[in-house]
There are 2 protein chains.
Amino acid sequence: MPSGGTVEKALDILYCLHESQAPLGVTQIGRSLSLPKSTTYRLLAALGRRGLVDRDPRGRYQPGMALVTLASGLLERDPVVVAARPVLEEQARARGETIFLAALRSGRILVLDKEEGSGFLRAAPRVGTELPVYATAIGKLYLALAPDAVSLPEGPIHAFTPLTCLPGPALDRELARVRSQGWASNLDEWILGLTGLAAPVLQAGRLVAAVAVAGASSRLPPREHGRFVQEILAAGRAIAERLEGRVA
Amino acid sequence: MPSGGTVEKALDILYCLHESQAPLGVTQIGRSLSLPKSTTYRLLAALGRRGLVDRDPRGRYQPGMALVTLASGLLERDPVVVAARPVLEEQARARGETIFLAALRSGRILVLDKEEGSGFLRAAPRVGTELPVYATAIGKLYLALAPDAVSLPEGPIHAFTPLTCLPGPALDRELARVRSQGWASNLDEWILGLTGLAAPVLQAGRLVAAVAVAGASSRLPPREHGRFVQEILAAGRAIAERLEGRVA
DNA sequence: TAGGATTGTTCCAGATAATAGAATAAGATC
DNA sequence: GATCTTATTCTATTATCTGGAACAATCCTA
């Protein structure tokens with residue numbers, strides 16, 4: 001709420017529109033960001049002049065297609081994404097489960113790419129989605145292996161499910177285990193019924209990204225974790241090797 | 001250049017970074033937008049705080065992954081895109097050439113979706129790309145059928161190729177023909193060797209989008225235009241019908 | 001390795017441009 | 001058709017942005 005300058009207020013409006021998933025009016029936006037109507041209106045006009053917000057037939061605001069323009073080509077230019085693509089494809093085909101890549105970008109852990117599994121019931125993350133830092137296998141990997149790079153969200157921390165492991169002694173023990181074993185897991189802690197197993201992509205000992213296999217918990221039962229973990233660890237190493245140019 | 005307020009300057013920086021296709025320094029950005037270094041620096045910092053710009057290892061700036069986040073889900077939410085998807089797939093499969101959908105969004109004609117053909121040599125437009133209003137089949141369709149909605153670019157108008165038809169009497173005659181025949185063509189006017197044939201998507205008589213087939217001019221010779229035009233006109237009608245909910 | 005040039009970052013007084021309240025217009029609701 | 005809500009415009013005030021200049025870091029060249 002105590003936002004910075006004018007530009008940041010305008011960008012907060014974009015995030016607000018993105019999160020709402022539905023067109024919003026001036027008043028509504030102003031309320032959720034604690035901005036006066038007239039200010040909100042003017043900022044929306046500025047965003048609209050550059051195409052970053054559109055208006056539906058009723059005059060309400062929604063994210064504009066210029067965002068698609070500005071985002072186009074971004075992923076293809078990211079070395080990690082380029083290095084990971086064939087590995088994701090191969091893994092998803094071999095395992096039949098969804099494999100995805102995430103990394104830290106401007107303080108958030110974002111899904112950078114994915115290859116969906118072949119099951120009728122499968123995880124289908126959306127590229128660009130932000131992952132919560134606790135309550136996620138990849139998030140825990142970052143907390144354990146690159147604690148200075150990530151930070152807990154500002155607001156009050158809530159449990160996503162009854163199984164969410166909130167920050168505290170229990171999470172600290174979990175992170176210690178992650179550090180020693182070199183991979184992380186998430187069993188129904190973010191979304192009920194969803195299991196994730198994550199492995200690091202290390203470059204010169206530093207965590208530059210993470211790969212994870214995700215699927216219905218019923219399809220990834222604990223007794224099979226061992227096999228999946230070996231695969232995903234290998235995938236993380238393969239991506240790291242491709243990043244360093246050892247493999248064409 | 002004579003930009004508006006603070007927010008618009010910041011957004012111009014985003015466009016500048018997008019167009020450059022390579023990371024840029026503060027000085028470089030400031031020069032291309034005629035902004036003082038310190039202003040550029042401060043705006044970049046604001047954009048960075050919200051993840052809209054990232055920095056490469058050398059400290060230079062590039063569009064940030066938050067753009068991917070903000071753009072995610074946008075296309076899937078657009079009714080025209082949803083209605084067009086299966087039509088694009090069917091047409092591309094049947095014809096073997098690339099079919100794409102474009103529409104006017106915030107004053108620009110943007111590629112909203114595409115389905116690539118199967119040829120080794122084929123058009124591969126990028127979703128989000130802006131199409132020039134003259135020199136493009138879809139652009140001409142808009143100039144002819146919705147002249148009030150589109151406007152020529154501000155700066156000096158240049159010919160993309162020796163065959164580009166610049167605004168003037170010749171283009172006016174061309175637009176009259178487009179109006180009477182109900183479709184538009186572009187033969188090497190935008191990119192040498194690229195032919196496009198476009199048909200309107202009409203809703204209540206208003207142009208709401210356009211479909212086009214695009215490919216190497218050698219694969220779309222004039223004597224075969226007739227067949228392609230029929231197909232693309234049918235595709236435009238099919239999309240319009242799906243838009244009005246007549247077809248599930 | 002040192003010198004010179006370019007680039008990135010910080011600072012601050014001054015002025016522009018953003019702010020927020022209130023008034024008006026448009027639209028929805030009953 | 002009256003009353004509510006919401007969108008848009010207006011304006012005085014002042015907070016915030018500006019941009020020149022100084023400083024620091026970096027790169028290039030000799």
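Here is how names work: the chains are called A, B, and so on, in the same order as the sequence lines, proteins then strands, and each is numbered from 1.
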Query raised in the report: Closest nucleotide of DNA chain D for B:Pro36 versus for A:Tyr61: which of these residues is on the 5' side?
Result: A:Tyr61

Query raised in the report: Any idea which heavy atoms bring B:Ile109 and B:Gly139 closest together, and the distance?
Result: CD1-CA, 3.8 Å

Report task. Kindly state each residue pair satisfying salt bridge (Lys or Arg N to Asp or Glu O under 4.0 Å) with at least one member in residues 138-148 of chain A, sequence neighbours excluded. Result -> A:Lys140-A:Glu174, A:Lys140-A:Glu189

**Report entry** Close approaches to DNA chain C from residues 16-28 of chain B, in residue order (heavy atom, under 4.0 Å)
**Finding:** B:Gly25, B:Val26, B:Thr27

Query - Partners passing salt bridge (charged side-chain N to carboxylate O under 4.0 Å, His left out) against B:Glu130 (at least two apart in sequence or in another chain) - result: B:Arg108

Query raised in the report: Can you tell if the side chain of B:Leu152 reaches within under 4.5 Å of the side chain of B:Pro167, non-hydrogen atoms only?
Result: yes

Query raised in the report: More 5' along DNA chain D: A:Arg60 or A:Val7, using each one's nearest nucleotide?
Result: A:Arg60

Report summary line: Residues at least two apart in sequence or cross-chain that pass ring-ring contact (aromatic ring centres under 6.0 Å, His included) with A:Tyr134, listed by chain then number, are A:Phe160

Query raised in the report: With a 3.5 Å cut-off and no angle check, do the side chains of B:Asn186 and B:Thr136 form a donor-acceptor pair?
Result: no

Query - Contact state string [nucleotides 22-30 of chain C, B base, S sugar-phosphate only, - no protein heavy atom under 4.0 Å] - result: ---------

Anything under 3.5 Å between a donor and an acceptor, one on a side chain of residues 82-89 of chain B, the other on a protein residue two or more places apart or in another chain? List them.
{"unit_1": "B:Arg85", "atom_1": "NE", "unit_2": "B:Asp113", "atom_2": "OD2", "d": "2.6"}
{"unit_1": "B:Arg85", "atom_1": "NH1", "unit_2": "B:Glu89", "atom_2": "OE2", "d": "2.8"}
{"unit_1": "B:Arg85", "atom_1": "NH1", "unit_2": "B:Glu115", "atom_2": "OE1", "d": "3.3"}
{"unit_1": "B:Arg85", "atom_1": "NH2", "unit_2": "B:Lys114", "atom_2": "O", "d": "3.0"}
{"unit_1": "B:Arg85", "atom_1": "NH2", "unit_2": "B:Glu115", "atom_2": "OE1", "d": "2.9"}

Requested in this report: Return each pair, listed once, that meets side chain to side chain donor-acceptor pair (under 3.5 Å) where at least one residue sits in residues 66-77 of chain B; pairs must be two or more places apart or across chains.
Outcome: A:Gln21-B:Arg77

Report summary line: The complete set of salt bridge (Lys or Arg N to Asp or Glu O under 4.0 Å) pairs with one or both residues in residues 25-43 of chain B, sequence neighbours excluded, reads none

Query - Set of side chain to side chain contact (heavy atoms under 4.5 Å, CB included) partners for B:Thr40, sequence neighbours left out - result: B:Ile13, B:Val26, B:Ile29, B:Leu35, B:Leu44

Report task. Provide, to the nearest angstrom, the distance between the CG atom belonging to B:Leu35 and the C1' atom belonging to D:dG19. Result -> 11 Å

Query raised in the report: Considering only heavy atoms, which members of residues 39-46 of chain B lie under 4.0 Å from some atom of DNA chain D?
Result: B:Thr39, B:Arg42

Query - Inter-axis angle, terminal five-pair segments of the helix from C:dT1-D:dA30 to C:dC30-D:dG1 [nearest 10°] - result: 60°

Requested in this report: Starting at atom CD of B:Glu8, determine the distance to atom C1' of C:dT16, rounded to an integer number of angstrom.
Outcome: 15 Å

Requested in this report: Identify, with sequence neighbours excluded, every residue that meets salt bridge (charged side-chain N to carboxylate O under 4.0 Å, His left out) alongside A:Arg60.
Outcome: A:Asp56

Query raised in the report: Side chains of A:Val201 and A:Val80: closer than 4.5 Å at any heavy-atom pair?
Result: no

Report summary line: Among the nucleotides C:dA18, C:dT7, C:dG8, whichever has the atom closest to the side chain of B:Arg55 is C:dG8

Query - Minimum heavy-atom distance B:Ala46-A:Leu11, with the two atoms named - result: O-CD1, 4.2 Å

